[in-house]
There are 2 protein chains.
Amino acid sequence: MSTPTGRRERKKAATRQKIADTALRLFLERGYDAVGIREVAAEADVAVTTLFSHFASKEALVFEQDEDFEQRLTRAVTGRAPQGPLIPALRREIHALVRHCTADGAAPIWHMIDASPALREYEESMRLRHAESLAAAIAADPGLSRSPTACRAIARFAIDAYALAREAADPQAAVDEIFRMIEAAWEATRPSGTRGAAGA
Amino acid sequence: MSTPTGRRERKKAATRQKIADTALRLFLERGYDAVGIREVAAEADVAVTTLFSHFASKEALVFEQDEDFEQRLTRAVTGRAPQGPLIPALRREIHALVRHCTADGAAPIWHMIDASPALREYEESMRLRHAESLAAAIAADPGLSRSPTACRAIARFAIDAYALAREAADPQAAVDEIFRMIEAAWEATRPSGTRGAAGA
DNA sequence: ACCGTAACACTAACGGTTAGCGTTTTGAAA
DNA sequence: TTTCAAAACGCTAACCGTTAGTGTTACGGT
């Protein structure tokens with residue numbers, strides 16, 4: 001199940017990768033809006049319909065690598081030390097994600113994203129999906145008995161922290177500042193009679 | 001300046017209203033995705049280009065009435081009792097907005113919005129703009145000296161409360177629950193040496 | 001009465017996306 | 001090995017939202 005697979009899937013992955021690489025190169029060279037789908041397909045030497053069988057939309061070409069974003073968030077919750085505190089674990093992960101996307105190498109890509117309304121909109125709705133997954137992971141943790149609404153709210157707040165920190169002058173400081181707020185918000189959802197212990 | 005003007009502006013407003021009414025009627029009758037722009041224009045007896053001179057996009061046809069959303073939020077901040085507490089004022093306004101859009105009459109429209117990914121995405125990016133306006137209003141209040149990051153975060157949290165409450169089983173209770181979290185988050189941003197007084 | 005302008009219309013196109021249909025490749029069953 | 005069904009890929013042709021270009025008309029101010 002892990003790697004019994006052969007030529008077909010390798011070819012498919014290669015085609016997918018070639019499309020993504022070509023697209024990103026063209027977008028960075030000449031601007032996202034200035035490059036059409038037909039052009040990307042031609043340059044990658046595939047048909048337009050093939051391109052769309054690998055990527056659901058033009059925007060998805062740009063956010064190809066960010067599919068692990070969701071997994072990293074949920075694993076920060078499910079894979080933390082047993083009974084460990086939730087918020088610091090989330091804070092560390094958001095820290096890492098912000099650092100990752102404000103690194104020097106990624107700068108041109110994020111500049112391109114910020115320059116295109118279509119890409120910004122797409123990213124935002126991606127983040128919303130991620131927030132829902134995160135909320136589900138939090139709600140599923142037996143150590144944290146909070147209402148579904150509280151879980152969804154905290155998940156959204158964490159995503160907000162990520163989005164706001166990326167735009168802040170000092171992203172790392174912004175994460176810390178917003179997470180002090182989130183910590184307080186989370187404490188406020190603690191079922192009564194549970195205060196004082198180490199925050200689970 | 002208020003209403004000295006005559007026929008032209010009345011005609012323009014009438015055309016705009018006719019387009020919006022026709023569009024909403026067709027969308028509700030047959031579904032948002034099943035009705036094309038050309039069809040709306042034909043039914044409203046205007047040219048497609050005319051339609052787009054009144055509305056920036058197809059989605060904007062649906063959210064025509066919601067332009068005061070932004071104003072209501074910022075006024076909840078700027079127009080509250082002098083030195084009055086921020087969070088309860090916000091909470092009251094969000095309560096009212098949630099009540100307004102979960103009212104019986106509005107149900108079909110929101111059902112249609114929830115059924116269309118394009119509309120959901122559009123609404124979300126609308127809300128983001130609203131959050132930025134709200135953050136600006138909060139940051140501009142001289143009685144609340146908080147960092148820009150804290151203001152943006154609280155504004156986002158408030159918008160999150162609205163979005164989550166709309167989907168919750170008991171919207172009003174969800175607003176209250178999330179605002180208890182927001183209140184705690186806001187308290188955590190208080191500059192040190194200011195605790196204990198009535199929350200401004 | 002006259003002019004500038006704003007509303008409106010028409011045509012034609014562009015770019016993203018998809019349906020329909022045919023071809024080739026490939027993994028596995030027979 | 002042969003055979004078969006699925007999957008990947010391709011092509012054509014279109015649909016849909018949106019816009020540029022180019023007028024034409026109706027109106028308000030002078």
Side-chain angles (χ1 to χ4, degrees), chain A residues 1-20 22-24 26-27 30-64 112 115-123 125, chain B residues 1-20 22-24 26-27 30-64 116-123 125:
Chain A
M1 191 188 296
S2 48
T3 40
T5 46
R7 201 163 330 185
R8 185 129 98 195
E9 324 215 347
R10 251 182 294 127
K11 278 199 174 181
K12 175 165 182 172
T15 300
R16 181 192 163 89
Q17 198 57 43
K18 184 173 184 182
I19 294 172
T22 304
L24 200 55
L26 291 180
F27 290 161
R30 321 217 312 269
Y32 178 77
D33 293 318
V35 178
I37 281 288
R38 291 163 177 87
E39 198 170 352
V40 174
E43 185 88 3
D45 200 31
V46 297
V48 173
T49 45
T50 301
L51 188 153
F52 276 108
S53 77
H54 285 276
F55 299 91
S57 66
K58 186 187 183 186
E59 294 90 37
L61 286 167
V62 173
F63 292 99
E64 187 238 356
M112 176 183 83
S116 160
L119 285 177
R120 293 181 65 93
E121 214 168 303
Y122 182 87
E123 195 204 348
S125 69
Chain B
M1 188 190 295
S2 48
T3 40
T5 42
R7 202 162 333 185
R8 189 128 94 190
E9 324 213 348
R10 252 181 294 128
K11 277 198 175 182
K12 176 166 183 171
T15 300
R16 182 191 162 90
Q17 198 57 41
K18 184 174 185 183
I19 294 171
T22 304
L24 200 55
L26 291 181
F27 291 160
R30 319 218 311 270
Y32 178 78
D33 293 316
V35 178
I37 282 289
R38 290 163 177 85
E39 198 170 351
V40 174
E43 184 88 5
D45 200 30
V46 296
V48 173
T49 46
T50 301
L51 187 155
F52 276 108
S53 76
H54 285 276
F55 298 92
S57 66
K58 187 188 183 186
E59 293 91 34
L61 286 166
V62 172
F63 292 98
E64 186 236 356
S116 162
L119 286 176
R120 293 181 67 93
E121 214 169 303
Y122 182 87
E123 194 204 349
S125 70

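When reading the values below, keep in mind they use all heavy atoms of this one structure, side chains included, and skip hydrogens, waters and symmetry mates. Below, chain A is the first sequence line, B the second, and so on; all start at residue 1.
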Nearest listed nucleotide, side chain of [X], among [options]:
X	options	answer
Phe52(A)	dT19(D), dG15(C), dT18(C)	dT18(C)
Val46(B)	dC27(D), dA9(C), dA14(D)	dA9(C)
Ala47(B)	dA9(C), dC9(D), dT17(C)	dA9(C)

* Asked: Does Arg10(A) get its side chain close enough to the base of dT26(C), under 3.5 Å, for a donor-acceptor pair?
  ->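 No, the side chain and the base share no sub-3.5 Å donor-acceptor pair.
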* Asked: Has the side chain of Thr49(B) got a donor or acceptor atom sitting under 3.5 Å from an opposite partner on the base of dC10(C)?
  ->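 Answer is yes: a donor-acceptor pair is held.
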Figure out the [atom1]/[atom2] separation between [X] and [N], and round it to whole Å.
X	N	atom1	atom2	value
Glu9(B)	dC8(C)	CD	C1'	16 Å
Asp45(A)	dC11(D)	CG	C1'	14 Å
Ile37(B)	dC10(C)	CD1	P	16 Å
Arg38(B)	dT19(D)	CZ	P	13 Å
Phe55(A)	dT18(C)	CZ	C1'	18 Å
Glu39(B)	dC15(D)	CD	C1'	13 Å
Leu61(B)	dG17(D)	CG	C1'	11 Å
Glu59(A)	dG15(C)	CD	P	16 Å

* To do: Could you tell me whether the side chain of Thr50(A) and the main chain of Val46(A) form a donor-acceptor pair under 3.5 Å?
  =>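 No, the answer is negative, given that no donor and acceptor are paired below the 3.5 Å cut-off.
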* Residue closer to the 5' end of DNA chain D, Lys58(B) versus Leu51(A) (nearest nucleotide) ->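 Closest to the 5' end, via its nearest nucleotide, is Leu51(A).
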Contact class for [X] (heavy atom, under 4.0 Å): base, sugar-phosphate, or nothing?
X	value
Val48(B)	base
Asp33(A)	nothing
Val35(A)	sugar-phosphate

* **Phosphate-side-chain proximity, His54(B) and dA7(C), N/O vs OP1/OP2 below 4.0 Å** =>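 Checking dA7(C) against His54(B), no side-chain N or O comes under 4.0 Å of OP1 or OP2.
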* dG10(D) OP1/OP2 closer than 4.0 Å to side-chain N/O of Thr50(A) ->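 Answer yes for this pair, as a side-chain N or O of Thr50(A) is under 4.0 Å from OP1 or OP2.
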For the [atom1] atom of [X] and the [atom2] atom of [Y], what is their distance to the nearest 0.5 Å?
X	Y	atom1	atom2	result
Arg16(A)	Leu51(A)	CZ	CG	10.5 Å
Ser125(B)	Arg120(A)	OG	CZ	10.5 Å
Glu43(A)	Leu26(A)	CD	CG	5.0 Å

* Is Lys58(B) close enough and on-axis enough to Tyr32(B), meaning under 6.0 Å and within 45°, for cation-pi? ->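 Checked: cation-pi criterion met.
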